[in-house]
Amino acid sequence: MRYWLMKSEPGTYSIEDLERDGVTGWEGVRNYQARNFMRDEMHLGDRVLFYHSNAKPPGIVGLAEVCREGYPDETQWDESSSYFDPKATQEKPIWWRVDVKFMKKFPEILSLDTLKQDPHFEGMLVIQRGARLSVQPVDKRHYQAVLQHFTK
DNA sequence: GCCAACGTTGGC
DNA sequence: GCCAACGTTGGC
């Protein structure tokens, strides 16, 4: 099993939205590196740290699980969508997504500020300056440190 | 709202 | 294939 962190702006799609929906398709990712992770490397049962970006404060707010592996993101063909990509065809899709299932919402946010200050999280991609990747791998030890943080 | 960091595009 | 210009992300 692998571990991931996925960013979403709570104004666009929050952990509360996922809790309500149960399952959601992670559409709209338009970055090749993130696309590659979703298309090639995320597998059923992988755990996902749900991160609120552009939030006050930003941070990890919950847990999800990959429940469908990579498949084409159909918003790329939808002209009315802001995610529409004129270069994508049905034969050759460019963008992929996965589905994730709600697991839990943490009792409080594990803020970016805390992640930066607690040495258990040293080396995590998300605390690196300029780390914009919206789908990123997480080391098992960092994932466990997140769970540990909430069982103290 | 600002702007640093980063990714993409396109002229050459 | 280089790199300047431009667009986006996302913390602050």
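Keep in mind that this is a model prediction, so the values were computed, not measured. Just so it is clear: chains get the letters A, B, ... in the order the sequence lines come, proteins before strands, and each one is counted from 1. FYI, side chains are in, hydrogens and waters are out, and symmetry mates aren't considered; it's all heavy atoms of this structure.
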Inset, instruction - Indicate the ring-plane relationship of A:Y13 and A:F50, choosing parallel, tilted or perpendicular according to the 30° and 60° boundaries. - result: tilted
Inset, instruction - Before accepting this row, confirm whether a basic side-chain N of the pair A:D139/A:R2 lies closer than 4.0 Å to the acidic partner's carboxylate O. - result: no
Inset, instruction - Please work out if A:R129 contacts a base, only the sugar-phosphate, or nothing of the nucleic acid, heavy-atom cut-off 4.0 Å. - result: sugar-phosphate
Legend entry - For atom CD of A:Q136 and atom P of B:dA5, their distance in whole Å: 18 Å
Legend entry - Summary of protein contacts for nucleotides 6-11 of chain C, nucleotide by nucleotide, where a base hit scores B, a sugar-phosphate-only hit scores S (4.0 Å, heavy atoms): -BBBBB
Inset, instruction - May I ask you to decide whether A:D17 forms a salt bridge with A:R20, counting only side-chain N to carboxylate O separations under 4.0 Å? - result: yes
Inset, instruction - Using a strict 4.0 Å threshold on nitrogen-to-oxygen distance, state whether A:R97 and A:E74 make a salt bridge. - result: yes
Legend entry - A:E9 side chain to A:S53 backbone, donor-acceptor under 3.5 Å: no
